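Treat the numbers as computed from the prediction; the structure is a model and nothing was measured.
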Amino acid sequence: MLIKPNQASLLVIDVQEKLIGAVSDPAGTLARTRWLMAATAELGLPTVISEQYPKGLGPTVAALKQASPEAQVVEKLHFSCVAAQCLPASLLAREQVIVCDCRGAHNQAAGIARMRDAGAQIVTREMVLFELLESSGHEQFRHISKTYMVGEQP
């Protein structure tokens, strides 16, 4: 199943000030997350950002919020967005959710395996963009390809 712009949304999970330092490549993780958020924002995808206990762990990294200024921020104390019931109806109404977070390498591999076992399709950031654009005839193809696909990407 390809990602469809009218069926997809982006969920960015817990990329917060005090958590980002715990990943192996914080600068790279932030750059890749910002890249995805900015590109999907330009394509009009609704975005939700979750924050785990922001009073203690701080807010989402500011550069990420700037990349997608229309994103809705939800707070949670539970370690699962679904169990916390913090996801807005607008996100749940869409059939496809692109999930992005800042796990370390070991946790990332386990998380991806678990999602794949549950039926999730694992894709790259580039696949997300090309599937959202659908064809080179898309009105934003030229801008998106020049902005996000040329040269070395994070």
- Heavy-atom distance under 4.5 Å between the side chains of Glu17 and Leu57, does that happen here? no

- Task: Report yes if some heavy atom in the side chain of Leu10 is under 4.5 Å from a heavy atom in the side chain of Val12; otherwise report no.
- Result: yes

- Message: With rounding to the nearest 0.5 angstrom, report the NE2 to OG distance, His78 to Ser50.
- Response: 13.0 Å

- Honestly curious: do Ile98 and Leu2 fall in one hydrophobic cluster under the side-chain, below-4.5 Å linking rule? no

- Item | Closest non-hydrogen atom pair, Glu51 against Val73 | CD-CG1, 3.4 Å

- Message: Between Lys76 (side chain only) and Cys86 (backbone N and O only), is there a donor and an acceptor less than 3.5 Å apart?
- Response: no

- Message: Taking side-chain contact (heavy atoms from CB on, under 4.5 Å) as the definition, give me every residue that meets it alongside Glu95, ordered by chain and number, with sequence neighbours left out.
- Response: Gln7

- Note on the structure: Taking every heavy atom of Ile122 against every heavy atom of Met115, the minimum-distance pair comes out as CD1-CB, 4.4 Å

- Item | Shared hydrophobic cluster for Val123 and Ile112 (ILVMFWY, side-chain gaps under 4.5 Å) | no

- Has the side chain of Thr33 got a donor or acceptor atom that lies under 3.5 Å from a matching backbone atom of Leu30? no

- Message: I need the Ser136 OG to His138 NE2 distance, nearest 0.5 Å.
- Response: 11.5 Å

- Approximate separation, where rounding is to 0.5 Å, of Phe141 CZ and Glu134 CD: 13.0 Å

- Query: Other than Leu11, which residues form its hydrophobic cluster under the rule that side-chain heavy atoms must be closer than 4.5 Å?
  - Reply: Ile13, Val48, Val74, Val82, Leu87, Leu91, Leu92, Val97, Val99

- Message: Nearest 0.5 angstrom please: Ile3 CD1 to Leu43 CG, how far?
- Response: 11.0 Å

- Are side-chain N/O atoms of Glu42 and His143 paired as donor and acceptor at under 3.5 Å? yes

- Message: Set out, in order, the CA-CA distance, both residues' side-chain angles and the distance that settles side chain to side chain contact (heavy atoms under 4.5 Å, CB included) for Ser68 and Thr47, then state yes or no.
- Response: CA-CA 7 Å; Ser68 187; Thr47 298; 3.7 Å; yes

- Task: Answer yes or no: is there a donor N or O on one side and an acceptor on the other, between the side chain of Gln16 and the main chain of Gly58, under 3.5 Å?
- Result: yes

- Examine distances only and state if a side-chain atom of Thr40 and a backbone atom of Met37 form a donor-acceptor pair shorter than 3.5 Å. yes

- Item | Side chain Arg94, main chain Ala8, donor-acceptor under 3.5 Å | yes

- Task: For Trp35 and Gln153, indicate whether the former's side chain and the latter's backbone hold a donor-acceptor pair under 3.5 Å.
- Result: no

- Message: With a 3.5 Å distance limit and no angle check, can you tell me whether Arg125 reaches the backbone of Pro154 through a side-chain donor-acceptor pair?
- Response: yes

- Rounded to the nearest 0.5 angstrom, the SG-CD1 distance for Cys102 and Ile20 is 4.5 Å

- Item | Atom pair CG/CE of Leu129 and Met149 - distance to nearest 0.5 Å | 4.0 Å

- Can you find a heavy atom in the side chain of Pro59 that is under 4.5 Å from one in the side chain of Lys65? yes

- Message: Looking at Gln96 and Lys4, would you say the former's side chain and the latter's main chain have a donor-acceptor pair under 3.5 Å?
- Response: yes

- Compare all side-chain heavy atoms of Asp14 with those of Asp101 and state whether any distance is below 4.5 angstrom. no

